[in-house]
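Below is one structure, written out as structure tokens, with a few remarks after it.
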Protein chains: 4
Amino acid sequence: MSDQEKKTGRERGEEWWSTEIIEMRPGMIRLRGYDIRDLIGRISFPATIWLMLRGELPSDEQAELLGIALGAAVDHGPQAPSIAIARMAATCGVGINSAMASAINVLGDVHGGAGEQALAFFGDIAAAMDGGRSLEEAVRARLEKFFAEEKGYVPGLGHRFHPIDPRAPRLLELVREFAARGVIDGRFAAIADAVEAEVARLKGKKIPLNIDGATAVIYGELGFPPPLTRGLFVLSRSVGILAHAWEQSQQPDRNKGPLPREWLWAYKGQPKRSLD
Amino acid sequence: MSDQEKKTGRERGEEWWSTEIIEMRPGMIRLRGYDIRDLIGRISFPATIWLMLRGELPSDEQAELLGIALGAAVDHGPQAPSIAIARMAATCGVGINSAMASAINVLGDVHGGAGEQALAFFGDIAAAMDGGRSLEEAVRARLEKFFAEEKGYVPGLGHRFHPIDPRAPRLLELVREFAARGVIDGRFAAIADAVEAEVARLKGKKIPLNIDGATAVIYGELGFPPPLTRGLFVLSRSVGILAHAWEQSQQPDRNKGPLPREWLWAYKGQPKRSLD
Amino acid sequence: MSDQEKKTGRERGEEWWSTEIIEMRPGMIRLRGYDIRDLIGRISFPATIWLMLRGELPSDEQAELLGIALGAAVDHGPQAPSIAIARMAATCGVGINSAMASAINVLGDVHGGAGEQALAFFGDIAAAMDGGRSLEEAVRARLEKFFAEEKGYVPGLGHRFHPIDPRAPRLLELVREFAARGVIDGRFAAIADAVEAEVARLKGKKIPLNIDGATAVIYGELGFPPPLTRGLFVLSRSVGILAHAWEQSQQPDRNKGPLPREWLWAYKGQPKRSLD
Amino acid sequence: MSDQEKKTGRERGEEWWSTEIIEMRPGMIRLRGYDIRDLIGRISFPATIWLMLRGELPSDEQAELLGIALGAAVDHGPQAPSIAIARMAATCGVGINSAMASAINVLGDVHGGAGEQALAFFGDIAAAMDGGRSLEEAVRARLEKFFAEEKGYVPGLGHRFHPIDPRAPRLLELVREFAARGVIDGRFAAIADAVEAEVARLKGKKIPLNIDGATAVIYGELGFPPPLTRGLFVLSRSVGILAHAWEQSQQPDRNKGPLPREWLWAYKGQPKRSLD
């Protein structure tokens, strides 16, 4: 078969959907080169996630740390728009998959993207250190740029609800343990600490690391690129989304709105008027 | 080229995605056989919707009546889960298309499916009449079956909020006008009236037609099959969903939850306990 | 009741969901101040869309032009990801609303956002003209900035498939007709023409206006802000999405994949390897 | 404060969103009664999933088996509509969360619901056994009902692509190991075996258990209700959906359609016609 025929035939169609992730033939499935029958029962669920996303198997300790980060962010309660959406959707007559989809869909730049922004921020500092700067210099320069150009909230710091987000110090404690055991090198933890300290110096008060910052430290230590941080957050928060959709679906509500049924909304628009 | 070769080549791929809706070549687009340049500016938006869904052009009056039904159901306020979802999503850092998608997604059996159920119900009665039964017999038999086997709310009747849904009588009035002009034959309006009357007789009180019942009458008169009724409702409600997503996006809220920011939810679960 | 009580009670909850779009009480629905019973049957579907988004009623001619733009972009065939997604989703056992949602969701910056970018681009030029520049100067300055800083495709020009997008010249012809009748002032059409001409001069070949550019001209003439352009595109393309989901749902396919069932994808990853 | 005031005030709003899953106050988060700081680093990710969905902690072995089932179904390649949708969405300019949402959304009755149906089917048999029937009688009666009334594919058996789904025998092997260790009682595995044997007897050929049947066995052994089976499948398949969305996003494609760019679709509709 000539190259030209190849390009206009079935092989061209099959190339259009090429992937390095999965190989399949009737009776055979391989993930990243490994027979699925070998993987099943021998690697943990977090290790499977790592293999799928990174292409290679993690060590047991790496997989354990990934699982810790995934477990920490599963839920933040029904005041989070994603959780509220899952619960409302579950009362509208759609499958649990669709209730989850409507919810996951809103984990965007504002609701789910903080971890991605935090890891990108920490990564800029790491890159400056690779270029020869000290930790302190790199942190100071990045924050200067932030306050001059980007403004707003420093990614990964502060929480509108928690004075101290209880998940963050516990996660950082574990990061230090894993660093002490040599699983990771602790560089991103040091960067996060230095950012927190420098912001405290500049602002005159401590704005502590939040869950997004803490998980960004872990994902950075483990070598994940920033955009995957948001994907991992989706995997994590999906658990809470499912739990709430499920709990809601066990109750008799139909078309659940945001406020109690007997309440309305305040109307602030045009008074009554007529067409003519 | 032999048939076998054909089936393994590009033509097989192109057949896999065959459609009767749109034909395209570089510089040429035809919808249902009509050149897009002929359609643009010469048929109304509701006529375009009809052509796309039905394959043929409607009369001007049919398109007008379709437009009336589409315009009637655009919004039911922020207590509707779809509208609330659109508004919350708009504060989470996703595009307006994604805010709309999360919202439209929940227009399922309970939230958006009532029109489909109503038209199927009315259609069963129409089919019994085609089989020789009188309107009264057909209505009585279908309701008997409903109360014996299906139970719950008669599709298209009653509203949890409106004693009389203000949209329904106005729509039925227009249906009768269009029937008087010979655009439609008025059969589904007669069926809906008879269902309403028989339910009033059985229950001892009037449970009036709602917006889903009224639009089902129109879609039935115009010859749409029941499942498209839900699709048309999505097109209609998308307008309100967009309006609310847009209004919300003009405001500074971030991660808008269902309750005021300073409120929490009531926790009803296990009291504090420890792992060991 | 004191202000403080007010803020912690039901009124605070109702304020949280305040809107200027819709007012409702049992038996009463008003859109933008107009009783829904007055609107039904008296304004067209595009006029309803305008009222919901803008807060005021359009003239009949403005509504007509809006309807023309909405009708022009309803479909671009099953090779468009949105349409393909709608068709695949329709075979997976979800409602037609969810098939539509998965599809609409992908009308993002790349797939649906070109109109928004085009109108923002044209709007920059209009703003420069308001500041005293001539059309030619404003166009040249904006394109210089574009080629120096932003690069890529000039928003609203060129099409990867159509040498000339057949919808664009027809839409521009209609824009000129409406401008001649005084419905619009024709300013955005003039800007689009000038951008097209200047790009042709710079590149040495004409890169004609596409559908996104042409509808951006109309939406700009009618006074819509750029982000609503994407929302209007969603309303428009939803029609084709629904038509394709519906056509697909009439066929027996289950779990329709992108390629014919008997084809696979090309695997380009790691060869077979073992865990140990 | 009287009960009536309570019902119209903030407490009523907070009750509207009540949950047994999560308790929160500033600086404090508890999941199912456990302080989040105690859970982090001490229970595995699958154990967290279990706790969130079931309300109680699993044993280590139960969590391990849950993780095995979750890891087994992560991917089935780009010919699965969910995976194809994720990849196409990733090229349309939406966030990775939205690409995942469009994909997860289609894991409906046909694409993701087979496990739910299989577990409901096996559960019917288990219930009949609880009522005093032998395994063989219960299986025979349920299959008789199936072939008489429901028809189609026996839930959990057979695969259109794999003669033997390689994941199923491996999972059943592990189920037997866990049963031998007393973690589970092995009842659903016995039911699945008996269903497979009886279908082979009736049809004259073996139609082997597939991945949906095998994971349904595990979820049933672990005590999950059938609808959660679909939710767990969503958590599992989300991993593959993320991996493919991510791989695709590393490539330069824009608006990726289902077929190679230079191919079209076959048009099977009306030939060219004119409006008049």
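Side chains included, hydrogens not; waters and symmetry mates left out as well; all remaining heavy atoms used.
- In this structure, the portion of C:Leu259 lying under 4.5 Å from any heavy atom of chain B is its backbone and not its side chain.
- The contact between B:Leu53 and chain C is made by backbone and side chain atoms together, counting heavy-atom distances below 4.5 Å.
- Contacts of C:Asp109 with chain B are absent, with no heavy-atom separation under 4.5 Å from either backbone or side chain.
- With a threshold of 4.5 angstrom between heavy atoms, C:Ile164 approaches chain B through N, CA, C or O but not through any side-chain atom.
- Side-chain atoms of C:Trp16 never come within 3.5 Å of backbone atoms of B:Arg261 as a donor-acceptor pair (strictly under, hydrogens ignored).
- Interface remark: C:Ala84 contributes backbone and side-chain atoms alike to the contact with chain B (heavy atom separation under 4.5 Å).
- Looking at C:Val106, the atoms closer than 4.5 Å to chain B (heavy atoms on both sides) all sit in the backbone: N, CA, C or O.
- Contacts of C:Pro46 with chain B are made by side-chain atoms alone, with heavy-atom separations under 4.5 Å and no backbone atom involved.
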I would like to know whether C:Met100 and B:Leu235 meet side-chain contact (heavy atoms from CB on, under 4.5 Å); could you show each step before the answer?
CA-CA 10 Å; C:Met100 293 176 75; B:Leu235 295 186; 3.9 Å; yes
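- Residue pairs meeting the side chain to side chain donor-acceptor pair (under 3.5 Å) criterion with at least one member in residues 26-37 of chain C, sequence neighbours excluded, are C:Glu23-C:Arg30, C:Asp35-C:Arg37.
- Between the side chain of C:Asn105 and the main chain of B:Ala101, no donor-acceptor pair closer than 3.5 Å is present.
- To the nearest 0.5 angstrom, C:Met24 atom CE is 8.5 Å from B:Gln79 atom CD.
- With contacts defined as side-chain heavy-atom distances shorter than 4.5 Å, the pair B:Val239/C:Phe45 qualifies.
- The backbone N or O of C:Gly13 sits nowhere less than 3.5 Å from a side-chain atom of B:Trp263 that would complete a donor-acceptor pair.
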Walk me through whether C:Arg170 and B:Ile36 qualify under side-chain contact (heavy atoms from CB on, under 4.5 Å).
CA-CA 9 Å; C:Arg170 174 67 182 134; B:Ile36 189 84; over 6 Å; no
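- The backbone N or O of B:Gly77 sits nowhere less than 3.5 Å from a side-chain atom of C:Trp17 that would complete a donor-acceptor pair.
- If you measure heavy-atom distances from C:Leu31 to chain B, the contacts under 4.5 Å come from the side chain alone.
- Proximity to chain B (any heavy atom under 4.5 Å) is shown, for C:Glu20, by both the backbone and the side chain.
- Neither the backbone nor the side chain of C:Ser102 has a heavy atom closer than 4.5 Å to any heavy atom of chain B.
- Using a 4.5 Å cut-off between heavy atoms, C:Ser44 makes no contact with chain B at all.
- Of the atoms belonging to C:His159, not a single heavy atom falls under 4.5 Å from chain B.
- Residues B:Pro78 and C:Ile22 have side chains in contact (heavy-atom distance under 4.5 Å, counting atoms from C-beta outward).
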